[in-house]
Amino acid sequence: MTPVWTADLGDGTYRNPVLAADWSDPDVIAVGPDYYLTASSFGRAPGLPLLHSRDLVNWSLVGHALHRLVPAADFAAPRHDRGVWAPSLRHADGRFWIFWGDPDHGILQVSAERIRGPWSEPHLLKAGKGLIDPCPLWDEETGEAYLVHAWAKSRSGVKNRLTGHRMSRDGRTLLDDGEVIVDGDRIPGWFTLEGPKLYRHDGWFWILAPAGGVETGWQGAFRSRDFAGPYEERIVLAQGSTDVNGPHQGGWVRTPAGEDWFLHFQARGAYGRVVHLQPMAWDADGWPVIGDAGEPVRAHRKPAGPPQPVEAPAADDAFPGGRYGRQWQWTANPRPGWTVAHGGDGLRLACVRTAHTHDLRLLPHVLTQRLPAETFTAEVSLALDPTGPGARAGLAVLGDAYGWIGLERDTADGAVRLVHRFAEPVADRERDAAHARAVHALPGGRVRLRVAVAPGARCRFAYDAGEGWRPSGPVFAATPWRWVGALLGLFAAAPEGPGSAGTATFTDFRIT
């Protein structure tokens, strides 16, 4: 299938964003001819996505490094703004390493010999609240290993500073109590300093770190001859005269051809934090120059290297053999029984009994994926086989507000009817977005569902019950969660009660 968003223009150039979905807080490395990227996954499982590229423009999703969030009990219910924050990806001592901060628990790491795993169980390196955005460095010049991290004021009361540690080479122990190596409060005009990435280059310790906030911030660079400082700083990327707001927080990578590039995010509301690729060079004083003289480029020549096929992370899914693809994540740690094995294609979900059928935001068993582009249409076929009243299933757009369209077994007459519901950010329960009882009952319990997303994340729902497409309800404006873009979701649920409530089968999920 042709990707819904193509960054590769086919003539040796590319356009930004290279990843038009919510791959938040990206970090990137080069290992031989291959590039690998990971991103924040917050409270969704599996976490720590792993992307692969051969040219920094065309990317595929090859797996996840974290199958379940820890501690598991804390993520039995949705925690959309917690969990995995701003990971760092490195390759050292023959292993891949990912470090991340959980703002409620501390700094954790996993490692593997191969990018596709198996990955080690999470190891808590530093316990504490508000410890975020860690990045390790294995210094090949000295043989030492280091760690730098930022702080979340919401948990610790501290922000705008970076703390450094010496670390054992096995990444399991910090060798000192740590000290503040960069204090943003001492730099005029700097605030919300976070997201550090630590490097060694040209005899200097370098920290590439953003400041100024997600929506309107900038990218800073810090350098010192000694890890503990003092560091001098510069702003090396900012919006300037462009329309790319807040370009910052990402990673520097050097290609086999010796070119330098920088990947960063841009916050785009309901679409989340999309990823841009910027050329990078070094000025006469040895400082990095990112983009076009410090401003983001909209288009540019591709990194030097062999031609690569046009590719983007998968979005479509035929659910072959009843299995869902890598692009899907649950809204909490999964439990047995949410999916139902069967002999054919199509995803079969159990109508999980819950006290929260009134609010999809509270359900852990919603299977989600990122909005793949600014403009697209998502379709899926649904067959509901309910055995209990109130059993329902559908296609949703989830955020602080949400809307969904699907099927429900009527509690009054037992008929399966089409329903369309939504909830505002401040609402504690959903309500009808269309007059469901005006729609005839669907004896076969089958329907094809659609949501068309236009610029501004304006969503139009529709359905086809065998008589052609018909619109349903008014336009719904998708909203982000806190730190997370809106999500497409598939779900099946039922009110509390005894026994099974039936199943829902989704087939031919397609994005155009």
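Bear in mind the structure is a predicted one, so any value in this text is a computation, not a measurement.
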*If you draw a 6.0 Å radius around CG in D226, do more than 12 non-hydrogen atoms from other residues or ligands fall strictly inside?*
yes

_Close side-chain approach of I98 to S111, heavy-atom, < 4.5 Å_ = no

*Taking the six-membered ring of W23 as reference, does the NZ or CZ atom of R273 fall below 6.0 Å from its centre and within a 45° cone about the axis?*
no

*asked:* Before you tell me yes or no, could you show the steps for R200 and D139 under salt bridge (Lys or Arg N to Asp or Glu O under 4.0 Å), namely the whole-Å CA-CA distance, both residues' side-chain angles and the distance that decides it to 0.1 Å?
replied: CA-CA 7 Å; R200 198 83 152 98; D139 183 3; 2.9 Å; yes

*Could you check D102 against R82 for salt bridge (Lys or Arg N to Asp or Glu O under 4.0 Å), going step by step and ending with a plain yes or no?*
CA-CA 7 Å; D102 179 317; R82 303 184 187 183; over 6 Å; no

*Is the W97 ring parallel, tilted or perpendicular to the F99 ring (thresholds 30°, 60°)?*
tilted

*Is D283 salt-bridged to R234, cutoff N-O under 4.0 Å?*
yes

*Would a line drawn from the ring center of H64 to the ring center of W119 be shorter than 6.0 Å?*
no

*Are more than 12 heavy atoms from other residues, nucleotides or ligands located less than 6.0 Å from atom CZ of R298?*
yes

*Of L37, V18, V274, L19, which is the lone residue that meets side chain to side chain contact (heavy atoms under 4.5 Å, CB included) with P26?*
L37

*Check K302, R254, R301 against E259 for a salt bridge (charged side-chain N to carboxylate O under 4.0 Å, His left out) and give me the one that passes.*
R301

*Side-chain contact, heavy-atom cut-off 4.5 Å: P313 with L51?*
yes

